[in-house]
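Scroll down for the structure; my scribbles are underneath it.
By convention in this document, chain letters (A, B, ...) are assigned in the order of the sequence lines, proteins followed by strands, and residues within each chain are numbered from 1. Note that the structure is a prediction, hence the values are computed from the model and not measured.
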Amino acid sequence: MGSPILILELGAIILGLGILGRLAALIQLSPIPLYLLAGLMFGVGGAAPLETSEEFISVGAEIGVILLLLLLGLEYSADELITNLRRNYPGGIVDFVVNAAPGAIVGIILGWPIPGILAMAGVTYATSSGIAAKLLTDLGRLGNRETPIVLSLLVFEDLTMAIYLPILTALLAGVGFLGGSLTVLIAVAAVSVALIVALKFGRAINKIIFTNSDELLLLGVFGIVLIIAGIAQQLQVSDAVGAFLVGIALSGKVAESARAVLTPLRDLFAAVFFVFFGLRTDPRDIPSVLLIALVLVLVTAATKIGVGAWSAGRAGIALPGRVRAGMMLVPRGEFNIVIAGLATTAGLNQIGPLAATYVMMMAVLGPLLARFAAPLFRAFGKIRDSVRGPAGSPD
Amino acid sequence: MSNDESIEINETALPGIGLRHDFMTAKGQRIGVVSHRSGRRDILVYDRDDPDACSNTMTLSPEEADTVAEFLGTHRVTERLATLSDQVSSLRTHKVKVAHGSPYDGHPLGDAKVRTRTGASIVAVLREQEAIASPTPDFSLEGGDVLIVVGTDDALSSVDQIIAG
């Protein structure tokens with residue numbers, strides 16, 4: 001068994017995260033930036049580096065990534081993904097181009113190698129669907145007419161991740177052009193096969209896996225996802241994508257029950273993952289990237305707002321709804337850190353501090369914008385109306 | 001039931017969440033319902049000044065939604081029967097409308113001898129906005145009534161023929 005210090009350290013970390021989580025809930029913000037901050041404090045070059053628990057945390061972090069993607073996959077059925085892809089690809093492609101570009105450009109300016117540039121593009125591209133979906137619910141916006149547009153952009157991004165992550169993993173592994181193309185082929189084939197299997201045999205698969213016992217369902221689904229993720233990793237397709245595909249293949253009652261039993265597990269290990277990323281990042285590197293991060297924050301907040309507003313406008317939504325749609329897409333979070341984590345693990349240490357700083361700012365700024373944009377906009381409208389002379393104030 | 005056709009209902013998929021239905025009331029208020037896959041229901045009231053946004057959203061648990069639906073009318077009864085038939089694979093639920101001028105228009109339900117002749121059961125009668133559960137044989141049918149029948153596929157098609165006359 002491990003030393004008593006290990007258990008003590010783990011307990012302190014988890015309790016610490018619990019307290020931070022409560023603090024985040026109190027001020028109604030995502031806990032992700034706080035978890036990252038905690039990791040920064042306890043990691044390399046931080047205020048109180050950990051001694052013994054790093055190995056456990058590193059394995060826990062890997063499980064965290066797998067569970068993050070599994071639960072993301074559980075949110076969607078293959079039908080939904082395919083319908084969405086068919087209907088909304090123009091918006092999705094614009095979203096990708098406009099929001100991946102700033103990250104890529106920064107990577108190029110900083111003279112990073114190609115995998116680093118690609119990783120940074122992913123960091124600025126993906127909206128945090130976790131934070132955005134929670135905001136939509138919390139702010140009572142599920143019924144709003146712009147919401148389906150926001151959701152479809154999120155779905156498109158998530159599906160893009162399933163193709164993007166294996167490509168990134170392959171490039172990070174430093175395989176040559178031939179090996180790289182092969183991995184990409186395997187990835188595309190795996191995604192297609194998984195979607196087809198889910199569409200054709202989804203019912204049968206779900207029937208086999210379903211059980212009324214929460215315990216057996218937890219063990220079954222968790223075991224399957226780890227095995228598939230492990231196989232995917234062996235094929236260099238990225239364990240995260242394997243987990244995402246398992247999530248898509250499961251649907252109906254299995255997905256619902258699995259979501260219920262796995263969510264607490266995901267929350268625990270995802271928190272560990274954010275801490276791990278923070279641990280691996282040296283806070284002393286942050287001041288030198290602060291300015292770049294700030295520029296990226298401003299630029300990519302604007303590009304996301306632009307894409308959201310444009311997509312909503314195409315769907316005939318009026319100006320206030322367009323603004324809301326744009327603001328809703330600003331938060332970045334878990335997957336941006338997943339991407340940066342992959343790059344860091346592969347030895348691209350430059351990306352960590354920038355990504356951590358960027359995501360911390362975006363995870364705070366995004367929800368604030370989403371929450372206060374609409375009231376500000378309305379207040380602005382009222383001032384304008386009162387200047388023009390009120391024709392009949394609604395109040 | 002008949003005013004269904006005059007209401008234009010928008011159905012929108014919310015990927016990852018469920019379905020949204022909304023429509024404009026005669027008085028010009030847009031209202032809607034989000035049906036979450038978990039069974040949760042949100043009742044939506046749209047803002048008159050900003051018709052893309054909801055001015056109010058009420059969240060109902062499945063039980064609360066059932067209760068509200070019961071206060072409002074009969075649709076949920078049929079929906080629940082439909083899920084019942086999903087659970088028992090060989091059983092189907094079916095709606096049979098009693099046409100005006102049908103042989104049973106104005107006659108007691110018992111005259112049709114549905115159960116004896118087909119094995120299917122009439123579990124409810126929908127009349128205007130009301131559902132009459134477990135109607136007795138002396139229940140007098142009227143043109144426009146809708147019978148909710150549970151049975152096997154074969155039995156249900158026989159019921160159709162009997163009621164059509």
Max heavy-atom pair count under 4.5 Å with chain B, selected residue of A318(A), G321(A), A255(A), S129(A):
A318(A)
Would one find more than 12 heavy atoms of other residues, nucleotides or ligands at under 6.0 Å from atom CZ of R117(B)?
yes
Atom group of R30(B) that falls short of 4.5 Å from chain A, counting heavy atoms
neither
Heavy-atom pairs under 4.5 Å with chain B - which of P320(A), P148(A), G140(A) has more of them than the others?
P148(A)
Can you tell which part of T137(A) gets under 4.5 Å to a heavy atom of chain B, answering side chain, backbone, both or neither?
side chain
Do N10(B) and R145(A) come close enough that some side-chain heavy atom pair is under 4.5 Å?
no
Donor-acceptor pair, distance only, cut-off 3.5 Å: does the side chain of R37(B) make one with the backbone of E75(A)?
yes
Would you call D50(B) and R324(A) a salt bridge, taking side-chain N to carboxylate O under 4.0 Å as the test?
yes
For F23(B), I'd like to know if atom CZ has over 12 heavy atoms of other residues, nucleotides or ligands within 6.0 Å.
yes
Are E256(A) and R40(B) close enough for a salt bridge, meaning some N to O gap below 4.0 Å?
no
Side-chain heavy atoms of D52(B) within contact of N144(A), under 4.5 Å:
no
Residue part contacting chain A, namely of A53(B), when any heavy atom lies under 4.5 Å
both
Determine, step by step, whether L142(A) and I17(B) satisfy the side-chain contact (heavy atoms from CB on, under 4.5 Å) criterion, reporting the C-alpha distance in whole Å, the side-chain angles of both residues, the deciding distance to 0.1 Å, and the verdict.
CA-CA 9 Å; L142(A) 284 181; I17(B) 292 167; 3.4 Å; yes
Greater than 12 external heavy atoms within 6.0 Å of F139(B)'s CZ
yes
